[in-house]
Undergrad: 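Dropping the structure in here first, questions after.
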Amino acid sequence: MISTHPMPLDEVLMIIALCAYVVGALALLAYFFSREEWLKHLGIPLAIAGCVAQFAQLVARFEITHIWPLLNLYGSLSLFAAMSVAIFIVFAFRYKMWFAGGFVLAIAALFLAYGVTWNEGTMPAVPSLQSYWAKIHVPLVVSSYAAFLVAFVLSCLYLAKYYYERSLGPQTAGLRTAAATAPGQVDLGSMQSTMVLTAPLVSKDTPNIAAAAASGNAMALWLNGLPSLAQIDVLIYRVVAVGLPLLTLGIITGAMWAHEAWGAYWQFDPKETAALLSWIVYAIYMHLHTRNSWRGARSAWVSVFGFLSIMFCYFGVNIWISGMHSYKM
Amino acid sequence: MQMVRSLYDDFLRTFSNVLFAVCLFIVWGLFTLVGVVVEQGKDASAYFGAYDAPIARLILRLNADNIYHTPYYVGIIGLILLSLAVCTFKRVIPARLPPLRPVKIDKIPLNASVTVRGDEASVRRRIEQFFGSRGWQVRKREFGGTEWTFADKHNWARRGVLVAHVGFVIIAAGTTLYWARGFDGETAIVAGQTSDIPKANATIRLDKFSYKVQPILTKSGMVYQPIDYVSHVTVAGRDGIPKRKTVRVNHPIDIGGTLFYQSSYGFAMRFGVTHDGVRVPALSDRVYMTGDSLQIPGTQRTVEFAQFVPTVDRQTGQPSADPRINDPAVALDVSDAGQALGAALVPMHTWIDLGGGWRVTPREYLFVSGIQYRNDPGVPLVGIGAFVLLAGLVISFYLLPARLYVRVDANEHANAWTVGLAATTVKGYDMFETQFRELVAEFERSMRPPGPTANLTLAEATS
Ligand code: HEM
């Protein structure tokens with residue numbers, strides 16, 4: 001006789017989310033390479049469906065277990081993946097950046113799958129985690145990580161385009177060519193007024209790629225479909241501008257919680273200091289970004305390092321270094 | 001004098017440079033990374049155990065085992081504050097609040113020109129109306145006979161960076177206040193006993209301690225998950241009036257501004273000590289904390305209370321991982337003249353024979369509550385600073401102060417004017433490009449006369 005155990009709702013939702021992300025990632029990656037609009041229209045609903053399924057999964061888990069689901073790596077990675085996709089979707093609708101969707105979804109799916117391996121079943125929280133601060137601090141910090149993931153993907157795309165441009169010829173990447181800054185006439189078809197508007201500052205900051213794309217170079221064609229370097233740089237800034245205040249607020253609420261639980265708002269616990277380290281890296285990013293000459297490839301590199309520091313803070317500290325936030329037994 | 005002046009200028013130039021601040025941040029980050037990777041506050045032997053000897057020596061020599069309190073860690077934060085102060089006055093304030101000055105419109109990358117028909121006064125009025133109605137602060141100035149219109153958006157948000165910087169300074173001030181005036185400490189109180197904390201003008205008596213543990217079968221085996229630690233205490237502050245309180249994790253109590261936290265727990269012991277069957281009160285009435293030793297009179301023999309074991313595994317006879325009290329025992333280390341003789345796990349109410357007629361019986365275990373206390377007068381400042389910093393971040397990231405320079409020049413056509421527009425922002429041009437294009441397009445549309453325009457003559461359009 002075969003006994004059947006119905007799968008709990010939260011696990012069903014998790015599988016739905018994972019499948020939606022994997023197929024959505026494939027569709028949006030194919031869109032990145034082919035620019036076929038239908039692929040985008042397939043990927044968008046899948047991304048949304050996966051994200052909704054994930055939030056529903058977290059709610060279902062809470063309903064089933066009555067335990068706040070974010071206090072272990074399984075729950076927190078699940079929120080991390082969901083928030084990465086959610087933040088990405090908002091930005092993608094606002095700034096038309098679906099080109100990055102395949103990468104974001106693929107990474108989110110990887111983290112989600114990794115999180116599943118940490119599912120130890122349900123466990124009540126240890127006394128120090130039984131606090132309303134857990135409901136505030138953890139989502140804030142995880143959301144900041146999620147924003148930095150999106151910034152990381154954009155930074156990688158920026159750097160790919162930048163270095164490919166440089167590899168193709170004279171070092172023009174990121175520079176505005178004379179043609180790009182010369183005013184152009186815009187015919188508004190009106191007798192009453194004419195407008196002369198500076199041609200887009202940013203549209204031609206990779207002339208080598210544009211030329212190579214015109215001659216059919218596949219890599220150049222993919223990269224030419226991306227926004228200009230300057231536009232990607234602005235997008236990275238905008239996403240970091242979501243992540244850094246969230247991380248700051250996350251650190252502040254963590255300090256408030258520590259003040260309540262351990263008697264000191266700052267104890268130089270490895271996790272706290274690792275978060276401070278990431279905060280410092282993104283503060284460097286913001287300061288470099290105030291300088292014309294450092295905006296672009298250099299600040300994109302800092303954003304990449306920033307995300308690596310976030311990964312170290314998230315996994316490195318929790319898994320390898322013992323402390324109050326450790327998952328090490 | 002000349003040299004001092006030039007040194008001073010160099011100092012100002014260096015410390016006000018953002019790239020210098022970035023270098024300081026990098027050094028701060030590296031020190032912090034060392035602090036994350038190297039476990040802090042351990043014994044020297046722990047570092048020799050964890051690292052090769054040369055690295056362990058380096059860690060100890062550089063004080064990397066306690067890096068956050070080294071002069072160089074504190075010094076780098078001091079340098080950041082100094083740089084921040086210099087930069088604020090030398091660069092941020094002047095650059096952030098630029099005076100209204102004419103510019104060369106076509107030299108600014110974000111520029112446009114729109115031809116508008118109408119008499120000069122009405123064109124100027126419409127320009128003013130256009131920007132005013134969209135929330136731009138419009139100001140006019142005349143330079144060399146030419147009237148300039150300046151339109152600012154989010155002008156006040158130019159101070160966002162200042163707010164963020166001030167927030168950091170306030171946090172630093174709050175932390176310093178703790179170092180100067182605050183204190184902290186830890187006390188272990190045995191059930192039924194009172195601990196005096198003179199610094200806090202407080203006494204605290206542990207009436208009762210309890211803890212709750214839940215065994216959970218996980219995929220990787222049985223886990224004993226702690227659920228609650230609670231100390232029922234009677235406290236008295238400066239006024240001496242005793243009050244009953246409960247301290248539990250996440251729920252500290254406040255006695256005269258000092259906060260008391262549940263931080264750990266343990267066990268103390270009372271042993272029954274007999275010599276030839278006769279109870280020895282001096283040794284039997286004492287309370288032994290973990291690590292305390294009992295010296296057998298007239299011998300060189302000592303018994304150390306190594307550990308209280310809440311549950312002994314019945315099958316193996318060894319300590320089990322279960323922290324609940326089921327079959328308790330006590331681990332004792334016996335030595336003679338400093339020479340270890342052996343260790344024994346002695347169940348409660350059974351005895352260990354030490355020779356010469358001496359017997360030691362674990363008689364009673366007592367809970368010990370570890371209470372941490374801290375008085376930090378800097379907390380309100382740090383809290384305020386943190387939120388000021390956050391507000392500064394939000395203002396400077398989300399509100400982009402932009403300035404439009406508008407100049408109206410006569411056109412080669414009669415009754416037509418060339419309106420030159422240029423925009424600058426505090427974050428360069430790319431950040432504002434899309435908005436500028438949209439704004440100019442809207443401006444152009446709104447400068448068109450109303451109605452079906454395609455074939456209107458100028459006179460008709462403006463009359
Ligand atoms: C940890 C402390 C600091 C924090 C939290 C902080 C925060 C900020 C923020 C949020 C911005 C705005 C960035 C943007 O708009 O994109 C900024 C800009 C700036 N910061 Fe800092 N900063 C700190 C330390 C410093 C230091 C030490 C200096 C000294 C040189 C400095 C100099 C500047 C300058 C010059 C700007 C640009 C101002 C402008 O664009 O006019 N900051 N800072």
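The shown structure was predicted, so the numbers you read here are calculated from the model rather than taken from an experiment. Throughout, a chain's letter reflects where its sequence line sits, starting with A, and its residues are numbered from 1.
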Undergrad: Take atom CZ in A:Phe305; do more than 12 heavy atoms of anything else shown fall under 6.0 Å from it?
TA: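 It does not: A:Phe305 CZ has 12 such atoms or fewer within range.
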Undergrad: Taking atom types as modelled, find out whether A:Trp133 and B:Asn250 have a side-chain donor-acceptor pair closer than 3.5 angstrom.
TA: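 Distance-only check fails for A:Trp133 and B:Asn250.
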Undergrad: Check whether any side-chain heavy atom of A:Met286 sits under 4.5 Å from a side-chain heavy atom of B:Phe397, and report yes or no.
TA: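 Yes, at least one pair of side-chain atoms sits under 4.5 Å.
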Undergrad: Pick whichever of B:Val394, B:Ile227, B:Val22 has the most heavy-atom pairs under 4.5 Å with chain A.
TA: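 Of the candidates given, the most pairs with chain A belong to B:Ile227.
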Undergrad: Please look at B:Ile67 and chain A and tell me whether the side chain, the backbone, both or neither of the residue comes under 4.5 angstrom of a heavy atom of that chain.
TA: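 When you check distances to chain A, no heavy atom of B:Ile67 falls under 4.5 Å.
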Undergrad: Parallel under 30°, tilted from 30 to 60°, perpendicular over 60°: which one fits the rings of B:Trp28 and A:Trp279?
TA: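 Rings of B:Trp28 and A:Trp279: perpendicular, as their planes differ by over 60°.
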Undergrad: For A:Leu249, which atoms come within 4.5 Å of any heavy atom of chain B: side chain, backbone, both, or neither?
TA: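 Contact with chain B is through both the backbone and side chain of A:Leu249.
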Undergrad: Counting only N and O atoms by type, is there a donor-acceptor contact under 3.5 Å from the side chain of B:Tyr261 to the main-chain atoms of A:His259?
TA: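 Present.
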Undergrad: Of all heavy-atom pairs between A:Pro245 and B:Tyr398, which one has the smallest distance, and what is that distance?
TA: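 Minimum heavy-atom separation between A:Pro245 and B:Tyr398: CG-CE1, 4.4 Å.
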Undergrad: Parallel under 30°, tilted from 30 to 60°, perpendicular over 60°: which one fits the rings of A:Phe268 and B:Tyr73?
TA: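 It falls in the perpendicular class, over 60°.
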Undergrad: Using a 4.5 angstrom heavy-atom cutoff, name the option from A:Asp233, A:Ile251, A:Leu288, A:Asn292 with the most pairs to chain B.
TA: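 When all of A:Asp233, A:Ile251, A:Leu288, A:Asn292 are compared, A:Leu288 has the most.
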Undergrad: Kindly compute the distance separating NE2 (A:His289) from NZ (B:Lys427), expressed to the nearest 0.5 Å.
TA: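 Taking NE2 in A:His289 and NZ in B:Lys427, the distance rounds to 9.5 Å.
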Undergrad: Rounded to the nearest 0.5 Å, how far apart are CG of B:Leu390 and CD1 of A:Ile252?
TA: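 Going from the CG atom of B:Leu390 to the CD1 atom of A:Ile252 covers 5.0 Å.
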Undergrad: Which atoms of B:Thr434 are under 4.5 Å from chain A, going by heavy atoms: the side chain, the backbone, both sets, or neither?
TA: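 Looking at B:Thr434, nothing touches chain A.
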Undergrad: Please report the shortest heavy-atom distance between B:Gly428 and A:Arg295, naming the atom on each side.
TA: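 Here B:Gly428 and A:Arg295 meet closest at CA-NH1, 3.6 Å.
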Undergrad: Return the minimal non-hydrogen interatomic distance between A:Ala274 and B:Val36, and the atom names on each side.
TA: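 Scanning both residues completely, I find the closest heavy atoms to be N-CG2, 3.6 Å.
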Undergrad: Write down the atom of A:Arg238, the atom of B:Met431, and the distance for their closest heavy-atom approach.
TA: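 Distance-wise, the nearest heavy atoms are NH2-O, 3.3 Å.
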Undergrad: Can you measure from CG (B:Leu393) to OG1 (A:Thr248) and round to the nearest 0.5 angstrom?
TA: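 Rounded to the nearest 0.5 Å, the CG-OG1 separation comes to 4.5 Å.
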Undergrad: Once rounded to the nearest 0.5 Å, what's the spacing between atom OH of A:Tyr265 and atom CD1 of B:Ile171?
TA: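 One gets 9.0 Å once the value is rounded to the nearest 0.5 Å.
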Undergrad: Could you state the interatomic distance from CG (B:Leu19) to CH2 (A:Trp294), rounded to the nearest 0.5 Å?
TA: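 That separation rounds to 6.0 Å.
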Undergrad: Is there side-chain contact between B:Asn17 and A:Arg291, with at least one heavy-atom pair below 4.5 Å?
TA: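 Yes, close enough: below the 4.5 Å cut-off.
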Undergrad: For B:Gln40, is it the side chain, the backbone, both, or neither that has a heavy atom closer than 4.5 Å to a heavy atom of chain A?
TA: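 Looking at B:Gln40, nothing touches chain A.
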Undergrad: Less than 4.5 Å apart, side chain to side chain, heavy atoms only: is that true for A:Phe312 and B:Val37?
TA: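 A side-chain contact under 4.5 Å exists here.
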Undergrad: Who among B:Leu259, B:Asn411, B:Asp184, B:Val382 has the most heavy-atom pairs with chain A under 4.5 Å?
TA: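 Answer, by heavy-atom pair count under 4.5 Å with chain A: B:Val382.
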Undergrad: Does any N or O in the side chain of B:Tyr68 come within less than 3.5 Å of the main-chain N or O of A:Thr273, such that one atom is a donor and the other an acceptor?
TA: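 No.
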Undergrad: Checking heavy atoms, do the side chain of B:Leu421, its backbone, both or neither come under 4.5 Å from chain A?
TA: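 The answer is neither part of B:Leu421.
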Undergrad: With a 4.5 angstrom heavy-atom cut-off, could you sort out which part of A:Val281 is near chain B: side chain, backbone, both or neither?
TA: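 Answer is neither: A:Val281 stays 4.5 Å or more from chain B.
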Undergrad: Indicate yes or no: at least one non-hydrogen side-chain atom of B:Ile26 is less than 4.5 angstrom from one of A:Ile280.
TA: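 Contact flag for B:Ile26/A:Ile280 side chains = no.
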Undergrad: Out of curiosity, A:Ser228 OG to B:Asp430 CG, how far, rounded to the nearest 0.5 Å?
TA: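 These two atoms lie 7.5 Å from each other.
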